[in-house]
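Keep in mind that the numbers below use all heavy atoms, side chains included, and drop hydrogens, waters and symmetry copies.
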Amino acid sequence: MISVFELFKIGVGPSSSHTVGPMRAAAAFAASLPTERVASVRATLLGSLAFTGKGHATDRAVTLGLAGQRPDTLDLAEADIIVRAARETHVLPLAGRRRIAFDPARDIVFDYVTTPKKHPNTLLFAAFEANGSTVAEQTWLSVGGGFVVREGEALGEEGATQNYPFAFRDAADLLQIAAANQLSIAELMRRNEIALLGAEPVEARLDKILEAMFACLDRGLLEDGELPGGLKVKRRAKAVFDRLNAQAGRNARPAHEIMDFVSVYAMAVNEENAAGGRVVTAPTNGAAGVIPAVLRYYRDHCEGASQEGLRAFLLTAGAIGALFKLNASISGAEVGCQGEVGVASSMAAAGLCAALGGSNAQIENAAEIAMEHHLGMTCDPVGGLVQIPCIERNAFGAIKAIAAASLALHGDGSHKVSLDSVIVTMRQTGADMQTKYKETSLGGLAVNFVEC
C-alpha cells in the first residue's frame with residue numbers, strides 16, 4: 001500500500017525524479033553524517049540523472065539537499081542564495097550545520113559512462129575527512145514521483161507496510177475489497193488514511209494538497225515571459241487564458257472552448273514547473289498539470305461540484321496511482337512518459353469519474369481507458385528540459401482523462417480489458433523501450449528537433 005500523501009507531495013520544479021528525489025536523497029545523506037569529521041563531499045550522478053540532470057536542475061537540487069534543504073519546505077529565495085554561494089565562493093553549509101569546501105562544478109560528477117545496476121536514476125554520495133579518508137558512502141535511487149530508496153535498505157517511509165484496514169495489491173483486489181465492504185474507492189482510501197492519521201488530519205491534508213495545486217495553476221495563469229534553460233520557450237498559458245476570457249461574452253462560442261480552458265489549465269501548471277516553481281507531484285512533476293487541470297474542470301465547469309467531490313477525486317486518483325507505483329512504475333527514466341503523463345491521465349480519469357458519481361466499476365474502466373491510449377509514450381525532452389514536449393503533453397493528458405471518464409460514465413462498468421492487464425502491458429512496454437527514449441534526451445524529439 002502507498003498513501004495518497006506519498007503520491008501527492010508538495011515540492012519544486014522542474015522534475016520529481018531529477019529534482020525532488022535527488023534533493024531528498026542528498027538531504028538524507030547529509031543528515032546521516034558526523035559533520036564534525038567531514039571536510040568534503042562528492043555526488044556522482046548516473047544514467048538518466050547524468051544525461052538530463054543539467055536540464056532538470058539536478059546539480060542545483062543536490063547542492064540544496066547537501067545543505068540540509070528539503071523540497072516541501074524550501075524557501076526559493078534562500079535556495080538561490082545557497083546555490084550562488086556554492087558556485088561563487090565554493091562553500092556549503094553541510095546539513096545546515098557546518099561549512100565545508102564545496103565546488104558544484106568539481107564535486108557533482110555527471111557520469112555518462114557507468115551503467116547503473118539497479119535503476120536509471122542512481123546517485124552515489126561520498127564524504128571525506130581532511131586527509132582524504134572516507135567517512136561514509138551511500139547509494140540512492142530516485143525511483144519516480146519524488147520517491148527515493150537507499151540501496152540495500154527497505155523502502156522506509158515510502159511504501160512501508162502499514163496497518164491499513166483495506167490493503168490491496170492490484171485493481172482486482174481493490175474492487176473485491178470495496179464490494180465486500182460496500183465502500184466506494186474514495187471511502188476505502190479515506191479509511192486507510194484515517195487509520196494512520198485520524199479523521200481531521202486526512203481532510204486537512206487533502207485540502208492542503210488541493211490548495212497547493214490550485215495556487216500553482218493560478219500563478220501560472222498570471223505569469224508570462226521566457227522559461228529558463230536556453231530553448232527560449234515562451235509561456236503561453238496567460239495569453240491564451242486572457243484571450244479565452246475576452247471571448248467569453250460573445251454569443252457565438254465554439255463547442256470545443258471548454259477543452260481550450262482545460263489545456264491552458266494544464267499548461268499553466270507545467271510552465272510553473274519548468275520555471276522551478278512550487279508544484280505538487282501528481283504523481284510526478286513532469287506530469288503535474290494533468291490532475292490539477294481536471295480538478296479545475298470539475299470545480300469550475302461541472303454542475304454540482306463540491307469540496308467533498310474534490311476530496312473524493314484525490315482519494316480515488318491516489319488509489320489508481322498506487323496501483324501503477326506498486327505494479328509498474330511512475331518513472332519516465334524507467335518506462336517512458338507513459339509512466340508519467342499516462343499514469344496522471346489514468347489517475348485523473350478515475351478521480352473525475354468518482355467525483356461525478358461513477359461506480360467503482362466505471363472508475364476502474366475510466367482509468368483503464370486513459371492508460372490504454374498512452375501506452376508506448378516515450379520520454380524525450382528536448383535539451384533535457386521539462387518543456388518540449390512535456391508542457392503540451394500535460395494538456396493532452398488532461399483532455400484524454402476527461403474523455404475517458406465520460407466514456408466510462410456512459411457505460412455500465414463492464415469492459416474487455418482490465419486495468420490490471422493495462423498496467424502489466426505498460427510495465428512490459430517500458431521494459432522493451434530502448435533507453436534512448438527514456439528520459440536520456442538521446443532519441444526521439446530530443447535529437448530530431450533542430451533549434452534555429
Side-chain angles (χ1 to χ4, degrees), residues 1-10 145-147 154-213 280-283 291 294-295 298-299 304-327 330 343-344 346-368 405 408-409 413 418-420 423:
M1 276 297 302
I2 295 174
S3 168
V4 170
F5 304 112
E6 291 170 351
L7 284 166
F8 298 121
K9 298 183 181 75
I10 298 175
F147 288 79
L155 285 178
E157 175 191 354
E158 288 86 11
T161 301
Q162 304 282 6
N163 294 319
Y164 288 108
F166 304 110
F168 55 89
R169 182 71 199 189
D170 53 31
D173 273 352
L174 175 60
L175 292 175
Q176 187 277 322
I177 293 168
N181 292 276
Q182 297 184 309
L183 296 172
S184 67
I185 292 174
E187 186 57 31
L188 181 150
M189 291 297 290
R190 188 193 309 272
R191 295 192 186 189
N192 278 344
E193 300 297 345
I194 287 173
L196 295 180
L197 302 172
E200 185 175 346
V202 171
E203 303 301 322
R205 290 181 72 172
L206 287 171
D207 290 346
K208 183 178 180 181
I209 294 298
L210 289 165
E211 181 183 0
M213 285 182 171
V280 178
T281 61
I291 288 175
V294 180
L295 280 164
Y298 166 74
R299 190 193 74 179
S306 65
Q307 189 69 16
E308 185 51 41
L310 293 170
R311 293 168 182 162
F313 186 123
L314 278 188
L315 288 164
T316 305
I320 301 305
L323 294 174
F324 281 99
K325 176 72 176 140
L326 288 166
N327 298 298
I330 58 172
V343 171
S346 184
M347 293 168 67
L352 179 61
C353 188
L356 294 177
S359 67
N360 288 347
Q362 289 172 318
I363 290 166
E364 186 260 359
N365 189 17
E368 179 273 323
L409 285 166
S418 70
L419 176 58
D420 285 330
I423 292 174

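- Taking the charged nitrogens against the carboxylate oxygens, E193 and R190 have no contact shorter than 4.0 Å, which rules out a salt bridge.
- For the side chain to side chain contact (heavy atoms under 4.5 Å, CB included) test with I177, the passing option among L174, N181, L175 is N181; the others fail.
- Of the possible polar contacts, none joining the T316 side chain to the G351 backbone as a donor-acceptor pair under 3.5 Å is found.
- The list of salt bridge (charged side-chain N to carboxylate O under 4.0 Å, His left out) pairs with a residue in residues 165-182, not counting sequence neighbours, is empty.
- Applying the salt bridge (charged side-chain N to carboxylate O under 4.0 Å, His left out) rule to pairs touching residues 356-365 yields nothing, sequence neighbours excluded.
- Under the 4.5 Å side-chain criterion, counting only non-hydrogen atoms from C-beta, P283 is not in contact with K325.
- Here the side chain of Y298 pairs a donor or acceptor atom with the backbone of S306 at under 3.5 angstrom.
- Of the possible polar contacts, one joining the Q362 side chain to the S359 backbone as a donor-acceptor pair under 3.5 Å is found.
- Of the possible polar contacts, one joining the T281 side chain to the L7 backbone as a donor-acceptor pair under 3.5 Å is found.
- When all heavy atoms of C353 and A366 are compared, the pair lying nearest together is CB-CB, 4.1 Å.
- Counting heavy atoms from C-beta on, the side chains of Y164 and L188 never come closer than 4.5 Å.
- For the pair K9 and F147, the cation-pi criterion (under 6.0 Å, within 45° of the ring axis) is fulfilled.
- Counting only heavy atoms from C-beta outward, the side chains of K208 and F8 never approach each other to under 4.5 Å.
- Of all non-hydrogen atoms in S346 and I320, the two that sit nearest each other are OG-CG2, 3.7 Å.
- In this structure R311 satisfies the salt bridge (Lys or Arg N to Asp or Glu O under 4.0 Å) test together with E203, D207, E308, sequence neighbours excluded.
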